[in-house]
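First the structure, in the form of structure tokens, and then the observations on it.
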Amino acid sequence: MRIRGAVLERIGDSTPFADSKPIVVEDLDLGEPGPGELLVRIEAAGLCHSDLSVVDGNRVRPVPMLLGHEAAGRVERVGPGGSDLAVGQRVIMTFLPRCGQCAGCATDGRTPCVPGSVANNAGELLGGGRRLARGGVPVHHHLGVSGFATHAVVDRRSVVPVDDDVPPEVAAVLGCAVLTGGGALLNSARPRAGDRIMVVGLGGVGMAAVLVAASLREELGCAVIAVDTLPEKLALATELGATEVYTPAELAERGVQAEAVVEAAGNIRAFETAVAATAAGGTTVTVGLPNPEARASISPLALVAGGRSIVGSYLGSAVPSRDIPEYVRMWRSGRLPVERLVSARIGLDDINHAMDELAAGHGLRQVIVFD
Ligand SMILES: [Zn+2]
Ligand SMILES: [Zn+2]
């Protein structure tokens, strides 16, 4: 079938992207879903820093690639052999499929699915190959999702079903920002009663971690400390439930520390700030994706002397089919107002400008909505 989608043509174009236009919105051919696959009509797709990292070259992926890995939609057709999901079911895309059978999947989220990672790096679906093409030439999938399009063919193991009461924008943001930020906290940092929680870097993922932390305040009695260089992000964090907010300079000057620290900025200075602000006995969880060449300076002695840990977490070390329903319950109860992470609703054609906004740190989640 013919679809309309946003294809990244070139990596590392000059900024502003609104002028260089590395992403072209155009018509493409989408193949039929194969066995175990679904055709999904996309309803909403969020822009995440990991999309920008592909555009600016920090995360090298094969091009041309139809971008977008945070999305939600409805099943429109199922592949041969059927599916446990019915046509019309709303699904949340997740950006790392889980085969359920490999050594990675056996770790319960701690390490990524091995064939899922191989497929993602190749720009293919978990079942192998590509379903996207232009003029007979294949186009790569982005993380098994390629959600910046009217439709997508995805592996069943890339989606989690969700009830109709969860609006598409909320559903989309649950699939990356909340799963990653919330998982960093709940699956990796695992705060205990009385711990202080800190989030360094307040993009969509970091702010989702703040929201999840704030939802734990009554239960754990924990302080929620938010850190960012931008004053407007700090003001928003306060609105979303942070109890203390600091710029990195203020944080260092006052010597503020926490036991559960999530770094979600994806740059080395933020990582070093997070490690330095981790209290004795505490854990730094890093979910940011800095340039692969980047190296940090930290004190091994401070780790040893204070019994500190540093942990990396991909996709919030989540098992999406286990964790997403829990976030949905928290959202339904009003404890996790995920819709507040949505800062702008845009059209597919605004995508290059939206990447500039993301690079500038403006807003939280810009969500592409499809009618
Ligand atoms: Zn993402
Ligand atoms: Zn696996």
Side-chain angles (χ1 to χ4, degrees), residues 6 8 36 44-56 58-59 61 65-72 92-122 124-128 141-148 155-160 169-184 201-209 262-266 286-290 313-324 327 338 341-343 351 354-355 358-359 363-368:
L8 176 67
L47 267 73
C48 169
H49 216 274
S50 318
D51 298 304
L52 178 63
S53 297
V54 182
V55 177
D56 68 18
N58 268 320
R59 186 88 174 162
R61 302 272 183 198
M65 173 175 274
L66 203 165
L67 289 179
H69 63 278
E70 182 184 90
I92 295 176
M93 314 282 202
T94 65
F95 64 82
L96 180 64
R98 285 178 64 82
C99 76
Q101 289 165 347
C102 72
C105 286
T107 64
D108 221 18
R110 249 187 357 269
T111 62
C113 171
V114 178
S117 302
V118 170
N120 278 0
N121 288 334
E124 298 185 344
L125 297 184
L126 184 58
H141 296 261
H142 188 203
L143 302 177
V145 177
S146 289
F148 296 165
D155 196 284
R156 164 66 182 93
R157 293 165 288 181
S158 288
V159 309
V160 174
E169 294 154 38
V170 168
V173 173
L174 285 173
C176 172
V178 176
L179 204 56
T180 305
L202 302 176
V205 169
M207 210 64 96
V262 173
E263 179 274 309
T286 178
V287 293
L289 295 167
S313 172
Y314 191 66
L315 184 60
S317 304
V319 178
S321 60
R322 174 196 71 194
D323 297 359
I324 285 177
Y327 295 124
V338 175
L341 297 174
V342 178
S343 56
I351 184 102
M355 288 291 167
L358 189 57
L364 289 176
R365 268 303 192 253
Q366 305 175 81
V367 177
I368 300 168

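Remember, it's 1-based here, ligands and their atoms both numbered in the order they're listed.
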Is there a side-chain contact between [X] and [Y] (heavy atoms, below 4.5 Å)?
{"X": "L67", "Y": "V55", "answer": "yes"}
{"X": "Y327", "Y": "V338", "answer": "no"}
{"X": "R59", "Y": "S50", "answer": "no"}
{"X": "L143", "Y": "M93", "answer": "no"}
{"X": "L315", "Y": "P112", "answer": "no"}

Query raised in the report: More than 12 foreign heavy atoms under 6.0 Å from CZ of R110: is that the case here?
Result: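 Not more than 12 within 6.0 Å, no.
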
Query raised in the report: With E70, which residues qualify under salt bridge (Lys or Arg N to Asp or Glu O under 4.0 Å), at least two apart?
Result: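 E70 satisfies salt bridge (Lys or Arg N to Asp or Glu O under 4.0 Å) with R365 once adjacent residues are dropped.
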
Requested in this report: Under the salt bridge (Lys or Arg N to Asp or Glu O under 4.0 Å) rule, collect the residues that match up with E169, sequence neighbours excluded.
Outcome: R345

Report summary line: Near the Zn ion (ligand 2) (protein N/O/S, cut-off 2.8 Å, waters excluded) we have C99 SG, C102 SG, C105 SG, C113 SG

Report task. Count up the protein N, O or S atoms sitting under 2.8 Å from the Zn ion (ligand 1), would you? Result ->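 If we list every protein N, O or S atom nearer than 2.8 Å to the Zn ion (ligand 1), we get 3.
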
Requested in this report: Identify the residue among L66, N120, V54 that makes a side-chain contact (heavy atoms from CB on, under 4.5 Å) with H142.
Outcome: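 For H142, the side-chain contact (heavy atoms from CB on, under 4.5 Å) check succeeds only for V54.
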
